[in-house]
Amino acid sequence: MEKRRSASRPEAVWKEKDLVSGQEEDAMVAIFRTSGCSWAKKGGCTMCGYSSASLSEVTTEDLMSQIDEVMRKYGGEKFVKIYTSGSFLDDNEIPPEVRERIFSEFSECSRILFESRPEYVTRESLSQVPKTVTLALGLESSDPDVLSKSVRKGFTPEDSRRAGECAKDAGLCVRTYLLLKPLFMTESDAIEDVLRSIAFADTFSDEISVNPVNVQRGTYLEHLWRRGSYRPPWIWSLTEVITKAAPVTKARIMSSPSGGGSQRGVHNCGACDSKVLDAVHEFSITQDTGCMDVHCECETRWRRYLESERMLGTAADIDRGIRDELMLAGR
Amino acid sequence: MLDVTARSMRGRVCVYTRNDAAVQTPAVMQTCRDAAGDMHIRVSDSGRTFVAMGDEAPLDQKLRYPAVRGRGDVTPYGSIAVIRLPFEEGCMIPEGTEIAVIANAYELRGDPRKAVSQISAIRESAGNGVILAAPGLAEPSTLAMYSYMGIDVFDDSLPRVLGAEGIETMSEGNADRGIDSVHENIAEMGRECAKVRTFTASGRLRELADQRAPSSPSSVALLRIFDDVCYGYQEEMTPVTGTRFSCNTTQSLMRPDVLRYRKAIMERYEKPAHKRVLLLLPCSARKPYHKSKTHKMFSSAIHTAGHDTVVHEVILTSPLGMVPRELDVFYPANSYDIPVTGQWKCQEREFIRELFSRFLSFGYDEVVSHLGSSHDLIGDMADIIDTVVDDDPTSQASLELLDNTLREITRDMPSGEYMTDRKESVRAVLTFQFGKSVADRIMDEDTFAIGKYPYWKIMRGKTQLGMLSEERGMISLTMDGAGILASMGINVVDIQRFDLKGSLFAVGVKSADHNIRAGDEAVVMTEGEVIAVGVAQMCGKEMEEMSRGIAVKIRHRK
């Protein structure tokens with residue numbers, strides 16, 4: 001069903017639970033329609049389908065009326081997350097007067113989170129934001145090759161580090177996003193890459209959010225996924241990352257996967273997916289690796305999958321490659 | 001160091017020596033964490049390492065672009081080149097490469113079109129002096145086909161991975177057993193590899209490939225596409241002589257040797273000028289046809305009067321279409337087998353009609369069909385006199401009718417000279433073998449042929465130029481005959497000046513006519529002088545590429 005999209009209304013607003021100073025609190029998520037991510041206009045990242053949440057012409061008046069609607073739905077939640085599908089600190093997306101209004105509307109909040117590409121994070125831009133802000137940075141990977149060739153991010157890990165340190169200097173919180181299994185990586189290489197990236201991000205992050213890649217519509221990733229050249233990560237790879245990283249990381253580690261348990265998202269055998277994802281959610285709140293003690297028969301299949309990738313030297317979807325064919329039922 | 005010990009079209013058996021160790025190909029390498037063997041792939045957490053007689057090359061990079069993405073590369077590690085697909089225009093196998101390893105060959109599985117184009121492109125670029133290894137590509141049901149396409153070295157990674165998933169891989173197809181089948185699969189891979197070697201050594205690898213193709217839809221597609229888009233690639237390595245083979249599948253109708261024959265008849269062959277009656281005959285199981293009982297019976301009905309010189313006997317058959325009598329000792333007419341049931345596939349019907357119309361275009365006064373049931377294939381294409389009674393070409397009534405019909409229709413035709421008949425028939429044979437310009441140059445006014453078919457000798461005065469024989473299956477040239485080819489620059493192998501004793505080895509070849517095929521007549525020259533003539537043991541391009549092996553078996557020398 002195609003919704004009519006209007007520049008004067010927000011893309012979506014919903015309520016969820018999230019952490020404020022280690023306590024689970026009510027949170028509101030508001031996704032604004034903006035003119036879109038500056039990088040998406042130059043081709044964007046390989047896995048990103050959010051350019052569809054943007055419109056070419058969004059005026060300041062439009063944004064103001066989007067805020068009006070958000071405020072009508074706002075119920076005094078302590079934590080407000082503001083997403084623009086781009087960079088909140090990009091003046092072309094969110095003009096300064098809009099930003100000012102948002103900050104004043106939510107001046108009573110304990111925590112305001114927004115995202116920005118590092119090029120818009122400067123001492124000057126951060127001097128305008130309240131101390132309750134958490135800056136979310138899409139580092140994705142600390143490996144420059146992965147970032148440029150696989151994600152096509154358009155900036156380097158060092159750019160994110162600088163932005164993160166800049167936010168810390170300004171007394172803000174930093175949440176860093178990492179990708180689990182971007183394009184062209186085997187499952188095991190992807191696990192190693194996230195573990196290295198967590199160590200890299202730990203020095204300037206309060207929270208590290210591990211985002212397993214999901215297959216979004218209209219992306220290059222989707223094209224490769226359709227022809228069997230990509231498989232979204234196993235949930236076991238996510239739990240492996242969490243259990244290995246948690247004991248050696250200062251920052252909070254969290255993950256709330258999009259599309260978890262579906263063919264397009266992080267998934268296991270299907271039988272255990274929701275159970276294991278619940279454990280990941282539980283851990284994200286409690287930081288207790290004890291809650292990750294979940295198991296399923298498909299763990300051995302996952303280990304076999306990692307080894308098969310190594311033996312065949314491929315990042316393609318091996319399961320699909322070998323099950324797609326007609327064969328004799330020998331059992 | 002590479003020795004090719006047997007060839008079967010693009011398939012081959014080699015002995016590859018390096019660091020004092022030797023590996024015979026086709027070979028199946030071990031791929032696992034504790035892999036062993038002169039050639040193997042060691043698997044570790046950080047990726048695979050190809051090991052050849054102690055020398056190593058890493059196969060995996062951090063980012064593994066899919067084989068479909070336009071960013072392939074070739075990385076040399078000494079004489080080992082590691083290829084990441086796609087292998088596209090601009091990709092080169094470096095000079096000095098002995099082994100080329102296709103690191104992401106697994107991704108060609110299930111993409112037959114890509115597999116065909118990539119494997120042929122890599123082999124063409126690498127040449128025949130390079131061992132081509134494709135880890136992750138083959139399983140027992142496809143090993144023969146990939147070997148036939150030009151891969152030398154395989155590994156057991158795919159059978160292992162499939163076995164671990166509970167899938168048993170057999171040469172005839174795969175079965176989901178639901179229990180670990182790794183050991184069975186590795187053993188089957190080894191057995192299939194041994195079969196491939198045996199079929200290759202017999203010169204019959206194509207038949208094994210024909211048998212394996214129906215094991216899965218993608219395998220059928222693989223061979224079909226390979227035949228469709230890689231005819232030239234296959235034909236170059238297809239000898240013009242060979243052993244007996246059978247065409248038991250539809251796809252085998254497109255074998256490169258069979259297709260080459262049909263093309264040569266369509267494009268190069270011309271009927272002997274004096275032949276005025278086209279007589280269509282059915283094929284026989286016995287080869288060459290003229291040795292068969294049925295053809296001896298036909299012969300007794302045809303050769304009963306002087307008119308036989310104007311009758312052109314042409315055998316209608318599948319998979320070759322039409323075989324003129326004077327070519328029935330040639331390969332593949334002397335070597336094929338096919339099930340004869342009176343049922344014809346549409347492809348067979350199509351090429352037989354195409355070739356028949358080519359013969360009609362030569363312009364005969366009369367067309368006589370002594371075919372029997374297969375007459376229906378072409379009966380509508382011309383005014384044809386049918387001489388078969390009750391569908392039995394060998395019955396007394398049919399043979400008598402054939403005899404009488406030929407006498408009848410040739411009554412007013414001038415009865416030809418036997419000398420002219422032989423000379424023009426030899427000209428047709430030479431045209432088929434070497435082309436029209438060579439045929440006319442050899443069969444000039446002073447040249448004639450003597451002897452009884454198929455042992456026709458070509459004489460210029462008292463000098464013999466060559467001879468057709470059943471054993472050779474074509475015309476063999478004398479030094480004088482070879483001189484004529486040399487003067488036209490045809491089938492010439494140019495060598496350094498040295499004392500040629502025994503066979504000519506590839507290492508001594510400076511350049512060779514790229515139109516030479518294994519089995520062809522080859523004229524050995526040095527500094528513009530013909531020094532020998534013999535039989536090519538490899539194609540002209542290979543003679544230039546290889547540093548080992550016999551290039552020409554010498555028959556006559558200066």
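Each chain gets a letter, A, B and so on, in the order the sequences are listed, and its residues count up from 1.
- Ion pairing between Lys62(B) and Asp189(A) fails under the 4.0 Å rule for side-chain N and carboxylate O.
- At a 4.5 Å heavy-atom cutoff, Ile179(B) makes no contact with chain A through either its backbone or its side chain.
- Both the backbone and the side chain of Asn174(B) come within less than 4.5 Å of a heavy atom of chain A.
- Proximity to chain A (any heavy atom under 4.5 Å) is shown, for Ser216(B), by neither the backbone nor the side chain.
- For Leu306(A), no part lies under 4.5 angstrom from a heavy atom of chain B.
- In this structure the side chain of Arg227(A) reaches within 4.5 angstrom of the side chain of Asp111(B), judged on heavy atoms.
- Interface remark: Ser44(B) contributes backbone atoms only to the contact with chain A (heavy atom separation under 4.5 Å).
- For Arg42(B), no part sits under 4.5 Å from any heavy atom of chain A, backbone or side chain.
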Open item on the list: Using the rule given for side-chain contact (heavy atoms from CB on, under 4.5 Å), can you reason through Met311(A) versus Ile41(B), listing the C-alpha separation, both sets of side-chain angles and the distance that settles it, and then say yes or no?
Closed with: CA-CA 9 Å; Met311(A) 303 255 293; Ile41(B) 292 177; over 6 Å; no
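- For Leu162(B), the part lying near chain A is the side chain, with the backbone staying farther off; criterion is any non-hydrogen pair under 4.5 Å.
- Using a 4.5 Å cut-off between heavy atoms, Glu192(A) does not touch chain B at all.
- There is no contact between Asp193(A) and chain B, counting heavy-atom distances below 4.5 Å.
- How far OG of Ser46(B) is from CZ of Arg310(A): 9.5 Å, rounded to the nearest 0.5 Å.
- There is no contact between Glu168(B) and chain A, counting heavy-atom distances below 4.5 Å.
- Contact tally against chain A (heavy-atom pairs below 4.5 Å) for Glu107(B), Glu165(B), Met170(B): the top residue is Glu165(B).
- Side-chain atoms of Arg64(B) and Thr314(A), non-hydrogen and from C-beta on, never get closer than 4.5 Å to each other.
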